[in-house]
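Note sheet for the following structure.
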Amino acid sequence: MSHIIPSLFVKNQGDRSVKIALRLTTARNRVVVRLTGGCGYMSAEDARDFLSLFADAFAGFAGAMLFGGTRMIQKQDVSQIVPGITEIPSHIRDVCPNMVSLGVVPRTSEIKITEHGLVVSESDADTYRTIIHPNQDMCLLVQVSPDQPAIWDAEFEECLQITKDLREFAEFKSLLIVYNGGGVTEREILATAKRGWPVLLIRRSGRKADEYASNNAFLEAHPNVRVAEKDSRDIRQHLISFGMLPPE
Amino acid sequence: MSAKTVTGQDGRTVLIIQDKGAQLPATFALMATRAARKVCIRISGGCKGMNADDKKAMMDFFQIAFKGFEGMIWSGGTRQFDKDGNLDPMVTDVPGVVAAGNPKCVALGSTPRTDVLRLVEESRLVLDDYGTAPNPSMNAILLVQDGAEGKLGWDGDLDAAFGLMDQLTQYGGFHRAGVIAWNGGAITRDEVMRSIKKGWPTIVVKGSGRAADEIAAELVAGTFADKRENLYVVDKSSPHILRKLLIAERFIQE
């Protein structure tokens with residue numbers, strides 16, 4: 001695991017960060033991948049395998065990557081990481097030193113400073129707590145104001161804005177990759193598809209990704225949305241065809 | 001290549017407005033990153049006292065020196081017209097001319113809003129009563145204003161301009177920033193001093209007139225205010241010397 005000390009930025013919704021925008025452009029290639037979704041109802045086997053699934057598919061990636069920016073750790077044993085989609089970028093980053101990762105985290109409650117990291121979410125009902133992921137190049141905390149937290153949708157709305165700026169002003173290509181996911185993910189799929197930006201749904205990853213991957217009317221209405229099998233070679237071929245990776 | 005024939009490389013010029021003191025717009029900074037090489041250089045100065053032949057020679061000078069340039073080149077963001085409405089080429093036309101001959105580079109401009117913006121003739125945007133217009137040969141122009149109703153002096157964009165080059169070098173992976181002064185007055189001298197203090201390669205073109213000539217003369221006489229060694233003088237008759245300097249300072253990759 002490569003050791004990165006992430007820069008932490010905090011912004012109010014509606015603000016822009018020139019520093020973050022510029023640092024994303026230091027990626028070797030002018031492409032940005034937004035990874036979204038979740039791991040709801042995922043089997044233990046699936047949770048184990050998806051890290052290598054994406055690490056293999058993304059080998060050689062040298063663009064920017066936007067993701068959720070958090071890590072879930074068990075309360076009883078903080079060394080135990082709960083598998084989640086937000087673990088994927090750091091695994092890819094380990095084998096792709098020329099990429100730049102940015103985690104975007106809505107501040108949905110007060111941040112707690114603990115010996116195990118910055119806790120962004122914790123509930124008595126859960127066996128885990130959610131912290132800022134320690135392995136990313138940058139992390140952006142988004143809030144409405146210091147006194148007013150944001151809602152979870154702020155993550156994808158912020159990512160849409162960053163992607164729009166990169167596409168429109170810095171000539172980046174973009175791709176939204178959807179793995180599993182629930183209601184917030186659905187809103188991101190629809191918002192991105194409506195803009196005509198490329199979307200890749202991973203079939204058999206679960207929930208909303210599956211739902212839209214099998215929705216022929218939706219796919220026909222949105223030719224910018226494609227479906228990949230849950231297979232690293234197939235995902236890789238799609239990454240190449242979308243221009244996220246150079247041809248092999 | 002004349003200034004007259006040049007338009008923005010992608011057929012449009014993006015105009016982005018910033019309030020003085022507000023944060024630099026990320027969108028404008030991102031425009032700079034379109035350049036194939038991460039270097040940026042600002043052409044500072046003016047054309048006072050220059051006739052049409054001098055101006056043509058100026059364009060030739062920069063085109064020869066910047067052949068193969070793939071970075072971001074910028075200057076003030078205005079275009080001038082004579083009393084008959086004909087284009088009057090200025091230093092601010094240099095970035096567009098350089099970009100037209102070097103498609104991998106990006107031409108930007110910055111300008112203060114010194115007066116109320118107005119539309120004249122068939123919806124042509126001008127910046128003042130003299131018909132000064134945004135320069136359409138650039139990819140984007142940053143217009144700096146003092147609120148909706150304030151008016152700035154002609155140096156009102158300098159903090160933003162140098163702020164952009166600072167941000168590009170600190171966060172955008174740009175490995176070189178610099179300033180070239182041609183002719184110019186007090187504002188040009190200010191730009192030269194700012195650039196020297198930042199440690200950037202700073203070049204004055206001797207023979208171009210006014211501030212650039214004065215600084216060159218002060219250097220020879222040993223009376224120039226700053227003793228740092230990042231200030232260079234090239235003669236306006238020697239564009240190849242400027243070119244060699246730009247290559248040596250890694251602004252141009254040969």
Side-chain angles (χ1 to χ4, degrees), chain A residues 4-32 34 62-66 96-102 104 136-140 142 157-174 197 243 246, chain B residues 8-19 21-40 70-72 74 99 103-110 138-142 144 159-177:
Chain A
I4 309 169
I5 300 175
S7 302
L8 180 64
F9 297 86
V10 182
K11 72 182 273 292
N12 292 349
Q13 277 179 291
D15 289 348
R16 301 283 234 300
S17 167
V18 67
K19 292 177 184 174
I20 287 174
L22 286 176
R23 282 184 62 176
L24 289 171
T25 67
T26 62
R28 181 178 289 176
N29 294 339
R30 221 173 276 257
V31 297
V32 57
R34 157 69 174 153
M65 183 171 287
L66 312 180
C96 302
N98 294 313
M99 66 172 272
V100 176
S101 60
L102 169 67
V104 178
Q136 52 187 320
D137 292 293
M138 296 176 281
C139 182
L140 175 61
V142 183
E157 288 167 356
E158 187 62 36
C159 289
L160 279 177
Q161 184 61 60
I162 291 170
T163 301
K164 179 178 182 292
D165 285 347
L166 290 173
R167 287 176 60 95
E168 187 174 342
F169 296 100
E171 297 182 324
F172 269 54
K173 292 179 186 171
S174 72
W197 300 348
Chain B
Q9 294 131 299
D10 49 5
R12 63 172 191 167
T13 298
V14 176
L15 195 58
I16 296 170
I17 300 173
Q18 175 196 344
D19 274 330
Q23 175 187 289
L24 178 76
T27 49
F28 187 75
L30 286 173
M31 294 289 292
T33 70
R34 293 182 177 197
R37 288 195 74 230
K38 296 207 164 182
V39 296
C40 57
E70 296 180 340
M72 187 274 269
W74 72 323
K104 288 187 177 175
C105 87
V106 167
L108 301 180
S110 68
M138 293 162 168
N139 296 79
I141 296 170
L142 181 67
V144 182
D159 287 346
F162 281 79
L164 171 65
M165 294 200 286
D166 272 339
Q167 302 262 27
L168 291 174
T169 52
Q170 282 183 46
Y171 302 103
F174 278 58
H175 56 83
R176 229 49 184 144

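Every chain is numbered from 1 and lettered A, B, ... according to where its sequence line falls, protein lines coming before strand lines.
For the residue pair T27(B)/R16(A), the side-chain donor-acceptor check at 3.5 Å is not satisfied. A side-chain N or O of S101(A) and one of D137(A) form a donor-acceptor pair less than 3.5 Å apart.
Looking at heavy atoms from C-beta onward, L140(A) lies in side-chain contact with I20(A) at the 4.5 angstrom threshold.
Both the backbone and the side chain of Q167(B) have a heavy atom closer than 4.5 Å to some heavy atom of chain A. Of the two parts of A22(B), neither the backbone nor the side chain holds a non-hydrogen atom closer than 4.5 Å to a non-hydrogen atom of chain A. Neither the backbone nor the side chain of L24(A) comes within contact range of chain B, judged by heavy atoms closer than 4.5 Å. Heavy atoms closer than 4.5 Å to chain A are found in the side chain of V14(B), but not in its backbone.
In this structure, the side chain of R167(A) does not engage the main chain of K173(A) through any donor-acceptor pair within 3.5 Å.
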